[in-house]
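Just so you know, these numbers come straight off a predicted model, no measurement behind them.
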Amino acid sequence: MALETVRVQRVRTSAFRWEWLLLVLIAGTFFVNSRISPHFLRYTSLMSALSVFLEAGFMVLSMVFILVAGDIDVSVASIVALASVLMSLSYKAGLSMGLAMLVALGVGTGCGYLNGLLISRVPNLSAIIVTLAGFSLYRGIAYILLGDRAVGGFPSWYSYLAWGDIGGTGVPFILVAFLACALVYGLVLHRTSFGRKVFAIGTNRTAAVFSGIPVARIRHTLFTLNGLMAGVAAIFLTSKLGSSRPNVATGYELEVIAIAVLGGASPSGGKGSIAGACLALVLMRLLRYGMGLRNVPGQVMMVIIGIVLICVVMFPNLLATRKRRPAGL
């Protein structure tokens with residue numbers, strides 16, 4: 001009897017998982033988009049809708065880890081700008097494009113390492129303060145280096161990263177790269193001891209310290225990893241744009257955090273999933289794509305997406321409040 005009760009509870013838990021709600025919203029958005037435009041159901045249109053903004057999706061994956069650990073990073077978009085600018089200048093200075101791409105990865109990792117070092121080693125220094133400083137610092141350096149100029153003229157093969165497909169199948173290379181990264185991140189977060197430690201830190205940091213978990217080292221690692229993924233995003237974004245400017249990726253930090261939270265990651269820590277983040281990314285892209293089909297202005301689009309985010313994020317909190325309410329009230 002007890003076993004049967006456990007099974008029923010598991011079924012109920014899985015039935016109300018956050019990912020199921022996101023799937024319902026994606027199905028509804030998919031249906032509405034298909035009614036708006038008959039061209040939406042075309043294979044090429046779907047691939048295009050899914051591949052746009054995927055460069056930021058790489059940062060969403062690592063941002064989930066940071067949010068699960070109870071931290072936040074608002075400097076990622078500025079790291080993308082600095083990594084893009086230094087990669088472009090390195091290429092123009094005579095480095096091969098391959099080495100210039102390594103420069104982007106190194107710059108991103110270095111910025112993330114610096115963020116993590118300050119956050120994890122300096123007492124009473126919060127992540128929001130450090131990354132807000134990085135938000136201004138890294139983009140400011142990009143403007144000092146490049147000013148209002150743009151750098152382009154990259155090799156023709158470089159554009160394949162953002163615009164090419166796999167073997168003529170129409171499946172974008174960037175989509176395959178993102179799915180591969182999502183698989184790795186999902187396995188690490190949900191199937192390894194490292195992932196369990198990240199959840200433990202976000203649930204109760206003090207208890208994690210007394211349990212012997214190297215909290216400072218793990219937090220440092222997570223911010224370094226986030227910087228690395230910002231470098232990856234810089235490579236793909238620059239490939240897509242065909243040039244680099246100091247103002248690239250402006251506003252990406254807010255959208256990356258919003259997608260991670262929409263995917264179920266809690267800003268207070270202890271909750272989140274890579275699957276949810278991927279579904280949230282798809283939902284946001286379909287919403288934007290559908291509104292684009294109706295020629296909705298960008299400002300109105302931001303308002304609508306903001307309202308959707310508030311409503312969807314409030315939903316589980318309302319359910320939790322209802323469950324805690326005493327019977328008869």
Side-chain angles (χ1 to χ4, degrees), residues 6 9-23 57-74 76 112-113 115-117 119-121 125-128 130-131 178-230 253 256-281 312-317 319-321 323-324:
V6 171
Q9 289 177 345
R10 285 181 178 177
V11 170
R12 287 178 177 174
T13 301
S14 62
F16 291 100
R17 282 182 63 89
W18 184 246
E19 288 82 357
W20 287 112
L21 175 60
L22 292 175
L23 282 172
F58 293 96
M59 294 185 287
V60 171
L61 299 176
S62 53
M63 186 64 74
V64 170
F65 277 73
I66 287 182
L67 291 174
V68 168
D71 286 312
I72 196 169
D73 188 348
V74 297
V76 285
Y113 183 90
N115 286 345
L117 182 66
I119 292 166
S120 62
R121 302 300 177 182
L125 197 56
S126 66
I128 185 65
V130 172
T131 57
F178 171 77
L179 291 177
C181 286
L183 178 61
V184 172
Y185 273 80
L187 290 174
V188 171
L189 182 62
H190 302 293
R191 292 290 185 269
T192 67
S193 61
F194 180 84
R196 288 190 290 273
K197 290 174 183 177
V198 173
F199 276 103
I201 292 171
T203 302
N204 191 321
R205 189 170 297 170
T206 302
V209 171
F210 284 104
S211 298
I213 296 175
V215 174
R217 188 175 69 198
I218 290 176
R219 293 176 73 201
H220 194 177
T221 300
L222 295 182
F223 279 94
T224 303
L225 187 63
N226 208 34
L228 172 63
M229 299 312 289
E253 61 281 321
V256 165
I257 294 170
I259 290 172
V261 171
L262 179 61
S266 172
S268 58
K271 290 175 58 180
S273 75
I274 296 299
C278 293
L279 291 173
L281 182 62
V312 173
V313 172
M314 281 178 59
F315 181 73
N317 294 329
L319 285 180
T321 303
K323 289 179 180 179
R324 289 193 298 266

Query raised in the report: Would a 4.5 Å heavy-atom cut-off, applied to side chains only, mark D71 and L222 as touching?
Result: no
Query raised in the report: Is the shortest heavy-atom distance from the side chain of F178 to the side chain of L61 under 4.5 Å?
Result: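 Counting from C-beta outward, F178 and L61 do come under 4.5 Å.
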Heavy-atom pair of closest approach, residues [X] and [Y]:
{"X": "L22", "Y": "A280", "answer": "CD1-N, 4.2 Å"}
{"X": "M229", "Y": "M59", "answer": "O-CG, 3.9 Å"}
{"X": "G57", "Y": "L281", "answer": "CA-CD2, 3.9 Å"}
{"X": "A260", "Y": "V64", "answer": "CB-CG2, 4.2 Å"}
{"X": "I259", "Y": "A277", "answer": "CG2-O, 3.8 Å"}
{"X": "S273", "Y": "G276", "answer": "OG-N, 2.9 Å"}

Requested in this report: For the pair F223 and T131, evaluate side-chain contact (heavy atoms from CB on, under 4.5 Å) and give the outcome as yes or no after the intermediate values.
Outcome: CA-CA 10 Å; F223 279 94; T131 57; 4.1 Å; yes
Query raised in the report: Is a side-chain N or O of S211 found less than 3.5 angstrom from the main chain of I213, in a donor-acceptor match?
Result: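 Not a single qualifying donor-acceptor pair exists.
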Query raised in the report: H220 vs Y113 aromatic rings, parallel, tilted or perpendicular, using cut-offs 30° and 60°?
Result: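 The rings of H220 and Y113 sit tilted, inter-plane angle from 30° to 60°.
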Requested in this report: Measure up the H190 and F199 rings against each other and bin them: parallel (under 30°), tilted (30 to 60°), perpendicular (over 60°).
Outcome: tilted
Nearest 0.5 Å, please: how far is [atom2] in [Y] from [atom1] in [X]?
{"X": "D73", "Y": "I66", "atom1": "CG", "atom2": "CD1", "answer": "5.0 Å"}
{"X": "L187", "Y": "L183", "atom1": "CG", "atom2": "CG", "answer": "4.5 Å"}
{"X": "I72", "Y": "I257", "atom1": "CD1", "atom2": "CD1", "answer": "4.0 Å"}
{"X": "L228", "Y": "F58", "atom1": "CG", "atom2": "CZ", "answer": "11.0 Å"}
{"X": "N115", "Y": "S120", "atom1": "CG", "atom2": "OG", "answer": "10.5 Å"}
{"X": "F194", "Y": "I218", "atom1": "CZ", "atom2": "CD1", "answer": "5.5 Å"}

Query raised in the report: Does the side-chain contact (heavy atoms from CB on, under 4.5 Å) test come out yes or no for N226 and F65, once each step is laid out?
Result: CA-CA 9 Å; N226 208 34; F65 277 73; over 6 Å; no
Query - CZ/R121: more than 12 non-hydrogen atoms of other groups inside 6.0 Å - result: yes
